[in-house]
Amino acid sequence: MIPSAFDYLAPTTLDEALSALAEAGDEGKIIAGGQSLLPVMRLRLAAPEMVIDLGRITELQGVHDDGEAIVIGAMTPHHVVASDPLVAEHAALIAKATETVADPQVRHRGTFGGAVVHADPAGDLHAPALALDAEFEIAGPGGRRTVPAAEFYVDLFTTAVGEDEILTSVRVPKTTGWGADYQKFTRVKQQWSIVGVAAAVRVEGDSIAEARIGLTNMGSTPIRASEVEQALSGCALDAAAIAAATASAGEGTNPPTDTNGDAAYRRHLAGVLTARAVSTAGGVASSGAGAA
Ligand SMILES: Cc1cc2nc3c(=O)[nH]c(=O)nc-3n(C[C@H](O)[C@H](O)[C@H](O)COP(=O)(O)OP(=O)(O)OC[C@H]3O[C@@H](n4cnc5c(N)ncnc54)[C@H](O)[C@@H]3O)c2cc1C
């Protein structure tokens, strides 16, 4: 289908974009890469009268190092994030998850900011952002504010970004030297995650000193597997020990049931994939990690 008619603006500064959004009110909509918004407009599930394109605002582009963290501009496309050397060195979990997003075409148009604001529960960037305690920088009519990942994801397709606000960047505290892995379970290549598990581990000697685990598509928002993180603290770098510490990853979650699998299967997958992700992140062969 063809979208309803709309006006289009491509401001070059954030202030202009915020003013345009305020002026358009309920009829205004931000467009980033358009990979999620345009299909919704074509189905006429959204019919904004004014579309405000962030593509010309240079301050929203690219990745930089601010000392304690890596800062990813909201308009940075997935393919840039996935291949950026700073992200690879200091936030490897983000790189690993971004590599799994869709196909090369979508990764060239779709943006980090667009994906996190869209907040599809099956999206692959939320669990890593949550696991790494990312902070979301948001600009609005009242100025700028920072929202921690634990408060950013509010519900299905709903984040802390208000209708009159723009996400400007995501600040990811450095996990330099940590091992990282993202396990994405799909039935066919380039599918949305049926379940995904993001794991980052800091190894000391022959055990895990610290672990961060985030779950994708195990509820309406990404989930931090805090109890598993605690169970992994001090865990030997051994496949069987890791499998025992991670088996309960899906417990207490409320994942969807659909044609790809029911909730019980997803809970089973969460345990299996967490063992695999932690084993891979820790450099351990995951032979004892169970079957999907
Ligand atoms: C075929 C296909 C397969 C896909 N597979 C996957 C997958 O496997 N894993 C995955 O994670 N994702 C997947 N995606 C989604 C992909 O990551 C998109 O890039 C993402 O959902 C939207 O990013 P975008 O930049 O295109 O945003 P847009 O579509 O432009 O915008 C999405 C929404 O966010 C709002 N928005 C965008 N940027 C901002 C901002 N800076 N501030 C405030 N609001 C903003 C828009 O108003 C809109 O509501 C897939 C998409 C397609 C089309």
Side-chain angles (χ1 to χ4, degrees), residues 3 6 8-11 14 17-18 20-22 24 26-43 45-48 50-57 59-61 72-82 94 96-130 136-141 144-145 147 152-153 156-170 182-196 198 214 216-217 222 260:
F6 57 87
Y8 171 85
L9 252 184
L14 186 59
L18 286 168
L21 196 54
D26 289 348
E27 303 303 335
K29 197 78 186 152
I30 294 293
I31 190 166
Q35 299 303 293
S36 296
L37 181 62
L38 287 178
V40 167
M41 287 174 63
R42 290 180 64 162
L43 290 168
L45 296 172
M50 169 62 77
V51 172
I52 301 155
D53 187 344
L54 303 182
R56 293 189 191 161
I57 305 176
E59 77 166 276
L60 302 181
Q61 296 276 353
I72 302 172
M75 284 299 291
T76 311
H78 301 312
H79 82 97
V80 171
V81 175
I94 298 286
K96 301 245 176 200
T98 308
E99 279 166 11
T100 74
V101 170
D103 53 56
Q105 273 180 307
V106 173
R107 289 198 296 274
H108 274 73
R109 290 296 308 171
T111 65
F112 197 88
V116 294
V117 175
H118 189 58
D120 189 312
D124 296 297
L125 307 180
H126 320 308
L130 183 64
F136 295 75
E137 308 282 348
I138 299 169
R144 298 196 181 215
R145 63 193 179 105
V147 176
F152 183 78
Y153 295 101
L156 206 68
F157 299 106
T158 309
T159 69
V161 180
E163 292 292 320
D164 55 355
E165 293 183 312
I166 291 175
L167 178 76
T168 58
S169 62
V170 181
Y182 186 69
Q183 288 282 325
K184 174 169 176 165
F185 190 83
T186 56
R187 292 197 311 169
V188 294
K189 192 96 181 121
Q190 294 173 353
Q191 192 186 17
W192 290 82
S193 278
I194 295 172
V195 172
T216 298
N217 212 14
N260 286 313

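One is the number of the first residue; the rest follow in order along the sequence. Counting starts at 1 for both ligands and their atoms, in listed order.
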> What's the shortest distance from atom 24 (P) of ligand 1 to any protein heavy atom, and which residue and atom give it?
Replying inline: Gly33 N, 3.5 Å

> At a 4.0 Å threshold, what atoms of ligand 1 neighbour a non-hydrogen atom of Lys29?
Replying inline: 47 (O), 49 (O)

> Do Arg109 and ligand 1 have an N or O pair less than 3.5 Å apart?
Replying inline: no

> Where is the nearest protein heavy atom to atom 2 (C) of ligand 1: which residue, which atom, and how far?
Replying inline: Val106 CG2, 3.8 Å

> So which bit of His78 gets within less than 4.0 Å of ligand 1, heavy atoms only: side chain, backbone, both or neither?
Replying inline: side chain

>> Test your reading of the structure: does Thr111 have an N or O sitting under 3.5 Å from an N or O of ligand 1?
In response: yes

> Which of the atoms in ligand 1, numbered in the order shown and given with their element, are less than 4.0 Å from a heavy-atom of Ile31?
Replying inline: 30 (O)

> At what distance is the nearest protein heavy atom to atom 13 (C) of ligand 1, and which residue and atom is it?
Replying inline: Trp192 CH2, 3.2 Å

>> Below 3.5 Å, N or O to N or O, backbone or side chain included: is there any such pair between Gly113 and ligand 1?
In response: no

> Nearest protein heavy atom to atom 31 (O) of ligand 1, by residue and atom, and its distance?
Replying inline: Leu37 CB, 4.1 Å

> Does Lys184 use its side chain to pair, donor to acceptor, with the backbone of Gln191 at less than 3.5 Å?
Replying inline: yes

>> Using a 6.0 Å cut-off, check whether atom CD of Glu163 has over 12 heavy atoms from anything other than its own residue.
In response: no

> For ligand 1, which atoms have a heavy atom of Gly123 less than 4.0 angstrom away?
Replying inline: 10 (C), 11 (O)

>> Check whether Thr158 reaches the backbone of Leu156 with its side chain - one donor and one acceptor, N or O, closer than 3.5 Å.
In response: yes

> Does an N or O from Val101, backbone or side chain, lie closer than 3.5 Å to an N or O of ligand 1?
Replying inline: no

> Is Gln190 near ligand 1, meaning one of its heavy atoms is under 4.0 Å from it?
Replying inline: no

> Considering only heavy atoms, which of Gly114, Ala102, Ser193 lies nearest to atom 3 (C) of ligand 1?
Replying inline: Ala102

>> I need the contact type for Thr168 against ligand 1. Using non-hydrogen atoms and a strict under-4.0 Å cut-off, is it side chain, backbone, both or neither?
In response: neither

> Going by the order shown, which atoms of ligand 1 are within less than 4.0 Å of some heavy atom of Ile166?
Replying inline: 42 (N), 43 (C)

> Taking the inter-plane angle between the rings of Phe136 and Tyr153 on a 0 to 90° scale, is it parallel (under 30°), tilted (30 to 60°) or perpendicular (over 60°)?
Replying inline: perpendicular

> Looking only at protein heavy atoms, which one is nearest to atom 28 (P) of ligand 1, and how far off is it?
Replying inline: Gly34 N, 3.5 Å

>> Could you tell me, atom by atom, which parts of ligand 1 come under 4.0 Å of a heavy atom of Leu54?
In response: 40 (C), 41 (N)

> Does an N or O from Ile30, backbone or side chain, lie closer than 3.5 Å to an N or O of ligand 1?
Replying inline: yes

> Got the closest protein heavy atom to atom 9 (N) of ligand 1, with its distance?
Replying inline: Asp124 OD2, 2.7 Å

> Taking the six-membered ring for Trp, are His78 and Phe112 ring centroids under 6.0 Å apart?
Replying inline: no

>> Ala32 versus ligand 1: do any nitrogen or oxygen atoms come within less than 3.5 Å of each other?
In response: yes

>> Under a 3.5 Å distance rule, please check whether His126 uses its side chain to pair with a backbone N or O of Asp120 as donor and acceptor.
In response: yes

> Which value, rounded to the nearest 0.5 Å, describes the distance between Leu18 atom CG and Ile166 atom CD1?
Replying inline: 4.0 Å

> Which of the atoms in ligand 1, numbered in the order shown and given with their element, are less than 4.0 Å from a heavy-atom of Gly110?
Replying inline: 19 (O), 25 (O), 26 (O)

> Which atoms of ligand 1 have any heavy atom of Ser36 under 4.0 Å away?
Replying inline: 18 (C), 20 (C), 21 (O), 22 (C), 26 (O), 29 (O)

>> Just verifying a value: how many Å separate Glu27 CD and Met50 CE, rounded to the nearest 0.5 Å?
In response: 10.5 Å

> Which atom pair, heavy atoms only, marks the closest approach of Gly114 to Ala32?
Replying inline: CA-CB, 4.3 Å

> What protein heavy atom sits nearest atom 53 (C) of ligand 1, and how far away is it?
Replying inline: Gln35 O, 3.4 Å

>> I'd like to know if the side chain of Asn217 reaches the main chain of Ser193, judged simply by a donor and an acceptor atom lying under 3.5 Å from each other, with no hydrogens or angles considered.
In response: yes

>> Given Val117, Asn217, Val161, Leu167, identify the one with the heavy atom nearest to atom 44 (N) of ligand 1.
In response: Val117

> Backbone N or O of Glu137 within a donor-acceptor pair of the Thr168 side chain at under 3.5 Å?
Replying inline: yes

> Does Arg107 reach ligand 1, in the sense of a heavy atom lying below 4.0 Å from it?
Replying inline: no

> Around Asp26, counting heavy atoms of other residues, nucleotides and ligands shown, do more than 12 lie under 6.0 Å from its CG?
Replying inline: no

> CG of Asp124 to CD of Glu99: how many Å apart, nearest 0.5 Å?
Replying inline: 11.5 Å

> Numbering the atoms of ligand 1 from 1, which are under 4.0 Å from a heavy atom of Lys184?
Replying inline: 7 (C), 8 (O), 9 (N)

> Under 4.5 Å between any side-chain heavy atoms of Met41 and Ile31, yes or no?
Replying inline: no

> Is it the case that more than 12 heavy atoms not belonging to Arg42 sit under 6.0 Å from its CZ atom?
Replying inline: no

> Which atom pair, heavy atoms only, marks the closest approach of Arg107 to Ala102?
Replying inline: NH1-O, 3.1 Å

